[in-house]
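Worksheet for the structure shown next.
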2 protein chains.
Amino acid sequence: MGVIRNTKSVQLVTEFFNSTKEAIGVVDLVEKFSEQMNKSTIYRILDRLEDEGKVHAFLGVNGLKHYAKCKDCSHTEHVDVHPHFQCTSCGKVECVSYEISIPKLPNKNIAQAQLLLTGTCERCTS
Amino acid sequence: MGVIRNTKSVQLVTEFFNSTKEAIGVVDLVEKFSEQMNKSTIYRILDRLEDEGKVHAFLGVNGLKHYAKCKDCSHTEHVDVHPHFQCTSCGKVECVSYEISIPKLPNKNIAQAQLLLTGTCERCTS
DNA sequence: TTTTTAATGCAACTCAGTTGCAAAAATAAA
DNA sequence: TTTATTTTTGCAACTGAGTTGCATTAAAAA
């Protein structure tokens, strides 16, 4: 497993994630960088960044893949235990700093919990 | 909005959901009934049953649509506040009877919470 | 500067889910 | 029951997210 190469495309994507705390859907990212790089390239870069723990992935309400770099990321290995919030009005998606309490289920071994909260964000809640 | 018609296909799908407490992915359901009915028919029947509150829908770990009929269903209007569990070993998916505690977020209005638990089920946890 | 290895672009593909439309089956009306 | 009305179905074609093989290009190592 070689080190991730510092290509122009990798720099662009990395810079983007450093510039925002919000999460972004891959589709939007592909659109955003459509002039700069290929769709496949984005998917592959995101895979690599996730492997490295630089960003973390999760699914939005529609089942679309989203990525974000939050302060939990790059704690050596990212364990995704925080919820995500998606605004049904403006579409904004973000990580929520809140530790999920994982319910104990008899005779089951729960390894992971994914909590997705939907509603209206501060801007859209008038 | 007319009443849902009692066709052969609707009966089959309904009977299936009455026969199990487990959830099932649409893809699996399409496969299961591939001899009896068309893919589109299944998708449309599930839409209707969901509208009627007879079953409820949610997304599995892979983002694939799943349906289940649990005791919460058909309480007039189904509010999906219970978590779902997906076994990473045998693939079984089921509803979990456990009320999610929805975190309050400052200035946000949270309308819904979707919690997906993954791990190993009683049978696969040796 | 050359060699090695990883990353990219592209086009073609997979697979879940959707849609338009004509034909068939339910229900309602007569 | 028979006819008229409305919903449902099958089919085939489509959409859109995500993947893949492969030749070319660009990084990093030698």
Side-chain angles (χ1 to χ4, degrees), chain A residues 1-17 23-68 80 84 86 91 93 114 116, chain B residues 1-17 23-68 80 84 86 91 93 114 116:
Chain A
M1 195 200 97
V3 174
I4 188 170
R5 287 193 177 179
N6 191 29
T7 66
K8 198 81 189 168
S9 297
V10 168
Q11 285 169 28
L12 284 171
V13 174
T14 302
E15 280 163 22
F16 171 79
F17 280 108
I24 188 170
V26 182
V27 174
D28 296 328
L29 208 57
V30 167
E31 168 61 24
K32 182 179 178 65
F33 287 120
S34 61
E35 306 287 308
Q36 283 76 40
M37 67 195 86
N38 188 272
K39 182 182 160 181
S40 316
T41 302
I42 299 212
Y43 277 98
R44 292 192 271 225
I45 288 178
L46 291 171
D47 276 350
R48 275 178 267 147
L49 291 179
E50 191 188 1
D51 282 349
E52 302 255 318
K54 303 271 180 62
V55 297
H56 68 279
F58 61 96
L59 301 180
V61 270
N62 35 29
L64 297 190
K65 206 164 191 182
H66 284 66
Y67 284 88
D80 193 18
H84 295 97
Q86 184 159 5
V93 182
Q114 293 163 51
L116 181 60
Chain B
M1 196 202 96
V3 174
I4 188 168
R5 287 193 177 178
N6 191 29
T7 65
K8 199 80 189 166
S9 298
V10 169
Q11 285 169 29
L12 284 171
V13 174
T14 302
E15 279 164 20
F16 171 79
F17 280 109
I24 188 169
V26 182
V27 176
D28 296 329
L29 208 55
V30 168
E31 168 62 25
K32 181 179 180 64
F33 287 119
S34 60
E35 306 286 309
Q36 283 74 39
M37 66 194 87
N38 188 271
K39 183 181 160 181
S40 317
T41 302
I42 298 212
Y43 278 97
R44 293 191 270 225
I45 288 177
L46 292 172
D47 277 350
R48 274 178 268 148
L49 292 178
E50 190 188 2
D51 282 350
E52 303 255 318
K54 302 271 180 60
V55 298
H56 68 279
F58 61 95
L59 302 179
V61 272
N62 35 30
L64 297 191
K65 207 163 191 183
H66 284 67
Y67 284 89
D80 193 18
H84 295 96
Q86 183 158 6
V93 181
Q114 293 164 51
L116 181 61

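What's counted below: heavy atoms across the whole structure, side chains too, no hydrogens, waters or symmetry copies. Each chain gets a letter, A, B and so on, in the order its sequence line appears, and its residues count up from 1.
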Would you say the side-chain atoms of A/Q86 pair up with the backbone N or O of A/V61, donor to acceptor, closer than 3.5 Å?
yes
May I have the distance from B/E50 (atom CD) to C/dT18 (atom C1'), rounded to whole angstrom?
15 Å
[X], nearest nucleotide to its side chain (from [options]):
X: B/L64; options: D/dT9, C/dA16, C/dG9; value: C/dA16
X: A/V10; options: D/dT9, C/dT27, C/dT8; value: C/dT8
X: A/V27; options: C/dA7, D/dG10, D/dG18; value: D/dG18

If you assign each of B/K8 and B/K39 to its closest nucleotide in DNA chain D, which residue comes earlier from the 5' end?
B/K8
Residue whose nearest DNA chain D nucleotide is more 5′ - B/I42 or B/R5:
B/R5
For B/L64 and B/H66 the tightest heavy-atom approach is O-ND1, 2.8 Å
Considering non-hydrogen atoms only, spot the tightest contact between B/Y67 and B/A57 and give its length.
CE2-CB, 3.5 Å
Report yes or no: is there a donor-acceptor pair, N or O only, under 3.5 Å between the side chain of B/R44 and the base of D/dG10?
yes
Establish whether the base of D/dT20 is bridged to the side chain of A/S40 by a donor-acceptor pair shorter than 3.5 Å.
yes
Which word best sums up how the rings of B/H84 and B/F58 line up, parallel for under 30°, tilted for 30 to 60°, or perpendicular for over 60°?
parallel
